[in-house]
Asks: 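Here's a structure for you.
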Amino acid sequence: MKQRFRFCLLALFALPALATARPDAVDACAECHGADGMGKGDPMIPVLAGIPAGHIEEAVFAYIDGARRCVREPKMCETVAELDEDTVFAIANYYGAKERQALDQTFDEALAEEGAALHRQHCGACHARPDSRQADFAICIPLHGQRREYLRFAIEAYLAGDREALLPAMAHELAELEPGDIGALVNYYASYRPADAAE
């Protein structure tokens, strides 16, 4: 797993990706994640649009290698189990080229304000907005604009040990969170609107 992760980190700094044409294998992914990477309405299906290709590769390989377990949705593990590396790279480059749009999801403004401060304190050094220039070079994936329910599930999965924290710093920051902090962070990320959509 660590070897794959090192490869994916290198991919983040490589020349712009190879091809963004839709590979045939995307059809299986699009059943849940949509052809545009924004998902098909299920609150537990993560948005892929706006995630740099190297991070998508890392996530898929984590499922293949067992560093992530399909606790809720076994279809994910079944779908990626037979993928070869070239196919994973092609899928990652396809979805990595998609832009993240704002989801129509509600959020609590007061909690979002608290979450903004928590983001700066615990998460901002590694997680950049998907519409920022730093996103392609950030250590971790963009969380802004991700589905609220999925984000809560993912954070709780890391805390429960169903996902491995890829960096010691991530495990440390997660351990620093109080129970109420998760809700604040989730509401903050749900409040995302792309910069070019701001009035």
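Just so you know, residue 1 is the first one in the sequence shown, and it goes up from there. Since the structure is predicted, the reported quantities are computational estimates derived from the model, not experimental observations.
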Asks: Which pair of non-hydrogen atoms, one from Asp108 and one from Asn187, has the smallest distance, and what is that distance?
Replies: N-OD1, 2.7 Å
Asks: Can you confirm whether Leu159 sits close enough to Leu177 that some side-chain heavy atom of one is under 4.5 Å from a side-chain heavy atom of the other?
Replies: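 In short, these two side chains do not touch, never coming nearer than 4.5 Å.
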Asks: Among residues at least two apart in sequence or on other chains, which ones pass side-chain contact (heavy atoms from CB on, under 4.5 Å) with Ala35?
Replies: Arg22, Tyr94
Asks: For the atom pair CG (Asp131) and CZ (Arg193), what is the distance rounded to the nearest 0.5 Å?
Replies: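 One finds 12.0 Å between CG of Asp131 and CZ of Arg193.
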Asks: For the residue pair Val47 and Gly145, what are the closest heavy atoms and their distance?
Replies: CG2-O, 4.2 Å
Asks: Rounded to the nearest 0.5 Å, how far apart are NE2 of His55 and CD1 of Ile141?
Replies: 7.5 Å
Asks: Yes or no on side-chain contact (heavy atoms from CB on, under 4.5 Å) for Arg68 and Tyr158, after CA distance, side-chain angles and deciding distance?
Replies: CA-CA 9 Å; Arg68 288 190 181 188; Tyr158 280 115; 3.4 Å; yes
Asks: Going by side-chain contact (heavy atoms from CB on, under 4.5 Å), Pro46 matches just one of Glu149, Gln146, Arg147, Met76. Which one?
Replies: Gln146
Asks: Going only through I, L, V, M, F, W and Y residues with side-chain contacts under 4.5 Å, is there a path from Leu174 to Leu151?
Replies: yes
Asks: Is it the case that the side chain of Asp84 and the backbone of Asp86 share a donor-acceptor pair, with hydrogens and angles ignored and the cut-off at 3.5 Å?
Replies: yes
Asks: Working to the nearest 0.5 Å, report the span between NE2 of His127 and OG of Ser132.
Replies: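 Answer rounded to 0.5 Å: 12.5 Å.
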Asks: Please name all residues satisfying side-chain contact (heavy atoms from CB on, under 4.5 Å) with Ala157, sequence neighbours left out, ordered by chain then number.
Replies: Asp162, Arg163
Asks: Quick one: do Met38 and Ile45 end up in the same hydrophobic cluster if we chain Ile, Leu, Val, Met, Phe, Trp and Tyr together by side-chain heavy atoms under 4.5 Å apart?
Replies: no
Asks: For Tyr95, which residues count as a ring pair (Phe, Tyr, Trp, His ring centres under 6.0 Å) partner, sequence neighbours excluded?
Replies: none
Asks: Excluding sequence neighbours, so at least two apart, what forms side-chain hydrogen bond (donor to acceptor under 3.5 Å, both in side chains) with Asp24?
Replies: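 With sequence neighbours excluded, Asp24 shows a side-chain hydrogen bond (donor to acceptor under 3.5 Å, both in side chains) to no residue whatsoever.
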Asks: Please list, chain by chain and in numerical order, all residues satisfying side-chain contact (heavy atoms from CB on, under 4.5 Å) with Ala117, sequence neighbours excluded.
Replies: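 Here the qualifying residues are Arg120.
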Asks: Taking Leu103 as the starting point, is it possible to reach Ile155 by hopping between hydrophobic residues whose side chains are less than 4.5 Å apart?
Replies: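 Result: no, two separate clusters.
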Asks: Is the number of heavy atoms from other residues, nucleotides or ligands within 6.0 Å of CD (Glu176) greater than 12?
Replies: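 Correct, the count exceeds 12.
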Asks: Who pairs with Tyr192 by ring pair (Phe, Tyr, Trp, His ring centres under 6.0 Å), at least two apart in sequence or on another chain?
Replies: none
Asks: Tell me, which pairs form a side chain to side chain donor-acceptor pair (under 3.5 Å) where one or both residues lie in residues 32-51, sequence neighbours left out?
Replies: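 As it turns out, there is no side chain to side chain donor-acceptor pair (under 3.5 Å) pair with a partner in residues 32-51 once direct neighbours are skipped.
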Asks: Which heavy atom in Leu185 sits nearest to a heavy atom in Gly115, and how many Å separate them?
Replies: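 Closest approach of Leu185 to Gly115: CD2-O, 3.6 Å.
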Asks: Please find the pair of heavy atoms, one from Cys140 and one from Leu167, that lie closest to each other, and give the distance.
Replies: SG-CD1, 4.3 Å
Asks: For His122, check ring pair (Phe, Tyr, Trp, His ring centres under 6.0 Å) against everything at least two apart and list the hits.
Replies: none
Asks: Give the minimum heavy-atom separation between Pro142 and Pro52, together with the two atoms involved.
Replies: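 Smallest heavy-atom distance, with atoms named: CD-CD, 3.8 Å.
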Asks: Going by the rule side-chain contact (heavy atoms from CB on, under 4.5 Å), which residues pair with Asp104 if we only count those two or more places apart in sequence or in a different chain?
Replies: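 Counting only residues at least two positions away or on another chain, Asp104 forms no side-chain contact (heavy atoms from CB on, under 4.5 Å).
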Asks: Could you go step by step and tell me if Arg100 and Ile51 meet the side-chain contact (heavy atoms from CB on, under 4.5 Å) rule?
Replies: CA-CA 8 Å; Arg100 182 167 299 182; Ile51 300 180; 3.3 Å; yes
Asks: Apply disulfide bond (SG atoms under 2.5 Å apart) to Cys70 and list each qualifying residue two or more places apart in sequence or on a separate chain.
Replies: Cys77
Asks: Is there a side-chain contact (heavy atoms from CB on, under 4.5 Å) between Thr106 and Arg148? Walk through the geometry before answering.
Replies: CA-CA 9 Å; Thr106 60; Arg148 186 178 58 190; 3.5 Å; yes
Asks: Going by salt bridge (charged side-chain N to carboxylate O under 4.0 Å, His left out), name the residues that satisfy it together with Lys75, two or more places apart in sequence or in a different chain.
Replies: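 Glu31.
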Asks: Apply side-chain contact (heavy atoms from CB on, under 4.5 Å) to residues Val60 and Ile91 and explain how you reach the verdict.
Replies: CA-CA 10 Å; Val60 174; Ile91 291 171; 5.9 Å; no
Asks: Is there a path of hydrophobic side-chain contacts, each under 4.5 Å between heavy atoms of I, L, V, M, F, W or Y residues, that connects Met170 with Ile56?
Replies: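 Same hydrophobic cluster.
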Asks: Quick check: closest heavy atoms across Arg152 and Gly183, and the distance to 0.1 Å?
Replies: NH2-CA, 3.3 Å
Asks: Between Val26 and Leu83, is there a shared hydrophobic cluster once you connect ILVMFWY residues whose side-chain heavy atoms come closer than 4.5 Å?
Replies: yes
Asks: Can you name the ring pair (Phe, Tyr, Trp, His ring centres under 6.0 Å) partners of His119, sequence neighbours left out?
Replies: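 With neighbours one apart ignored, the set is His144, Tyr188, Tyr189.
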